[in-house]
Amino acid sequence: MTRKTSKIMQQSGVIPYRIQDGKIEVLLITTRSRQGWVIPKGGLCKGMSPHDSAAKEAWEEAGVLGRVTTEKLGNYKYRKRGNTYEVNLFLLPVEKVLEDWPEATQRERQWLEVNQAAKLVKETSLKKIIQTSWVMSN
């Protein structure tokens with residue numbers, strides 16, 4: 001039997017945030033199965049830059065709009081269905097929260113204080129990025 005070499009699939013994602021009463025809040029969404037909390041992310045769209053692709057995912061999965069930063073915040077890897085994904089992350093200061101968006105019926109979303117958000121996500125490296133990204137951005 002030949003072993004299939006698993007190639008790493010590239011994705012981009014955002015950490016959507018807002019400042020509420022002087023505190024930073026992060027928006028998390030549920031997975032489609034509603035089994036866990038994640039950030040909006042997905043495969044790179046052909047002909048789009050990684051940060052534009054990430055903005056599209058934020059609109060589709062979380063129903064939020066804003067200007068995604070062009071500077072990469074960091075990345076993390078995760079495994080799903082035998083594949084390894086590497087997600088390049090960008091910050092998204094949310095300017096508009098939509099009432100209706102493409103995946104509104106498939107996901108829940110919740111604004112959380114930074115440390116609460118970090119506790120809810122599964123991937124350790126994503127937890128660290130959520131907790132430390134504000135030091136660099138402010």
Side-chain angles (χ1 to χ4, degrees):
M1 274 179 39
T2 58
R3 255 192 65 176
K4 200 174 86 176
T5 56
S6 98
K7 76 173 206 244
I8 295 174
M9 322 274 267
Q10 293 296 315
Q11 292 189 323
S12 37
V14 292
I15 297 177
Y17 75 95
R18 68 182 182 189
I19 295 170
Q20 206 69 345
D21 302 322
K23 288 189 169 66
I24 296 167
E25 291 184 337
V26 174
L27 183 70
L28 293 183
I29 58 171
T30 57
T31 58
R32 281 202 184 108
S33 62
R34 299 182 190 234
Q35 296 296 307
W37 292 93
V38 294
I39 49 123
K41 66 185 176 317
L44 299 173
C45 300
K46 206 171 178 69
M48 288 175 93
S49 67
H51 62 273
D52 285 338
S53 202
K56 180 175 171 280
E57 293 299 330
W59 166 69
E60 286 178 356
E61 297 183 353
V64 290
L65 304 173
R67 200 166 300 217
V68 175
T69 58
T70 54
E71 198 173 313
K72 190 172 93 173
L73 196 56
N75 62 25
Y76 73 97
K77 288 182 180 152
Y78 71 97
R79 291 186 60 77
K80 182 177 170 183
R81 294 191 201 104
N83 294 318
T84 301
Y85 295 86
E86 181 177 37
V87 185
N88 289 312
L89 285 174
F90 301 89
L91 277 176
L92 170 64
V94 174
E95 292 164 22
K96 189 168 180 148
V97 179
L98 304 171
E99 291 303 311
D100 191 27
W101 68 97
E103 296 185 14
T105 58
Q106 300 166 42
R107 299 177 188 272
E108 291 173 41
R109 60 185 179 185
Q110 191 173 353
W111 288 102
L112 298 154
E113 183 271 317
V114 173
N115 288 327
Q116 286 176 299
K119 277 183 194 145
L120 284 181
V121 297
K122 229 176 23 194
E123 287 80 17
T124 308
S125 42
L126 178 56
K127 286 178 191 288
K128 286 191 182 102
I129 292 168
I130 288 174
Q131 287 172 316
T132 59
S133 53
W134 317 109
V135 182
M136 299 178 294
S137 65
N138 290 342

With sequence neighbours excluded, give me every side chain to side chain donor-acceptor pair (under 3.5 Å) pair touching residues 116-126.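 Applying side chain to side chain donor-acceptor pair (under 3.5 Å) to every pair that reaches into residues 116-126, excluding sequence neighbours, yields nothing.
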Side chain to side chain donor-acceptor pair (under 3.5 Å): which pairs involve residues 28-38, sequence neighbours left out?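 The answer is Thr31-Ser33, Arg32-Glu103, Arg32-Gln106, Arg34-Glu108.
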Spacing of [X] atom [atom1] and [Y] atom [atom2] [to the nearest 0.5 Å]:
{"X": "Leu89", "Y": "Ile39", "atom1": "CG", "atom2": "CD1", "answer": "4.5 Å"}
{"X": "Glu57", "Y": "Asp52", "atom1": "CD", "atom2": "CG", "answer": "12.0 Å"}
{"X": "Gln10", "Y": "Leu44", "atom1": "CD", "atom2": "CG", "answer": "6.5 Å"}

Counterpart residues, side chain to side chain donor-acceptor pair (under 3.5 Å), relative to [X] (two or more places apart):
{"X": "Thr70", "answer": "none"}
{"X": "Lys127", "answer": "none"}
{"X": "Asn115", "answer": "none"}
{"X": "Lys128", "answer": "none"}

Examine [X] and [Y] and state if one hydrophobic cluster contains both, with Ile, Leu, Val, Met, Phe, Trp and Tyr joined whenever side-chain heavy atoms are less than 4.5 Å apart.
{"X": "Ile15", "Y": "Leu28", "value": "yes"}
{"X": "Met9", "Y": "Leu126", "value": "yes"}
{"X": "Ile19", "Y": "Val64", "value": "no"}
{"X": "Val114", "Y": "Val14", "value": "no"}
{"X": "Ile24", "Y": "Val121", "value": "yes"}

Glu61: partners by salt bridge (Lys or Arg N to Asp or Glu O under 4.0 Å), with sequence neighbours left out: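 Listed in chain order: Arg107.
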Test log, rule side chain to side chain contact (heavy atoms under 4.5 Å, CB included), inputs His51 and Thr69: CA-CA 7 Å; His51 62 273; Thr69 58; over 6 Å; no
For [X], side chain to side chain contact (heavy atoms under 4.5 Å, CB included) partners two or more places apart:
{"X": "Lys96", "value": "Leu65, Leu98"}
{"X": "Gln11", "value": "Lys41, Tyr78, Tyr85, Val87"}
{"X": "Glu99", "value": "none"}
{"X": "Pro93", "value": "Tyr17"}

What are the two closest heavy atoms between [X] and [Y], and how far apart are they?
{"X": "Gly66", "Y": "Leu92", "answer": "C-CD1, 3.4 Å"}
{"X": "Ala117", "Y": "Ile130", "answer": "CB-CG2, 4.3 Å"}
{"X": "Phe90", "Y": "Ser12", "answer": "CE1-CB, 4.1 Å"}

Checking the side chain of Ser53 only, and the main-chain atoms of Cys45 only, is there a donor and an acceptor separated by less than 3.5 Å?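 Checked: pair present.
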Ignoring hydrogens and angles, tell me if any N or O in the side chain of Arg109 forms a donor-acceptor pair with the backbone of Ala62 under 3.5 Å.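 Between the backbone of Ala62 and the side chain of Arg109 there is a qualifying donor-acceptor contact (under 3.5 Å).
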Could you walk me through whether Leu112 and Val26 pass the side chain to side chain contact (heavy atoms under 4.5 Å, CB included) check? CA-CA 5 Å; Leu112 298 154; Val26 174; 5.6 Å; no
Less than 4.5 Å apart, side chain to side chain, heavy atoms only: is that true for Val94 and Leu27?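 Not in contact.
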Answer whether the closest heavy-atom distance between the side chains of Gln20 and Trp111 falls below 4.5 Å.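 With C-beta onward as the side chain, the pair stays apart.
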Linking Ile, Leu, Val, Met, Phe, Trp and Tyr by side-chain heavy atoms under 4.5 Å, what else ends up with Ile29?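 Its cluster partners, ordered by chain and number, are Val38.
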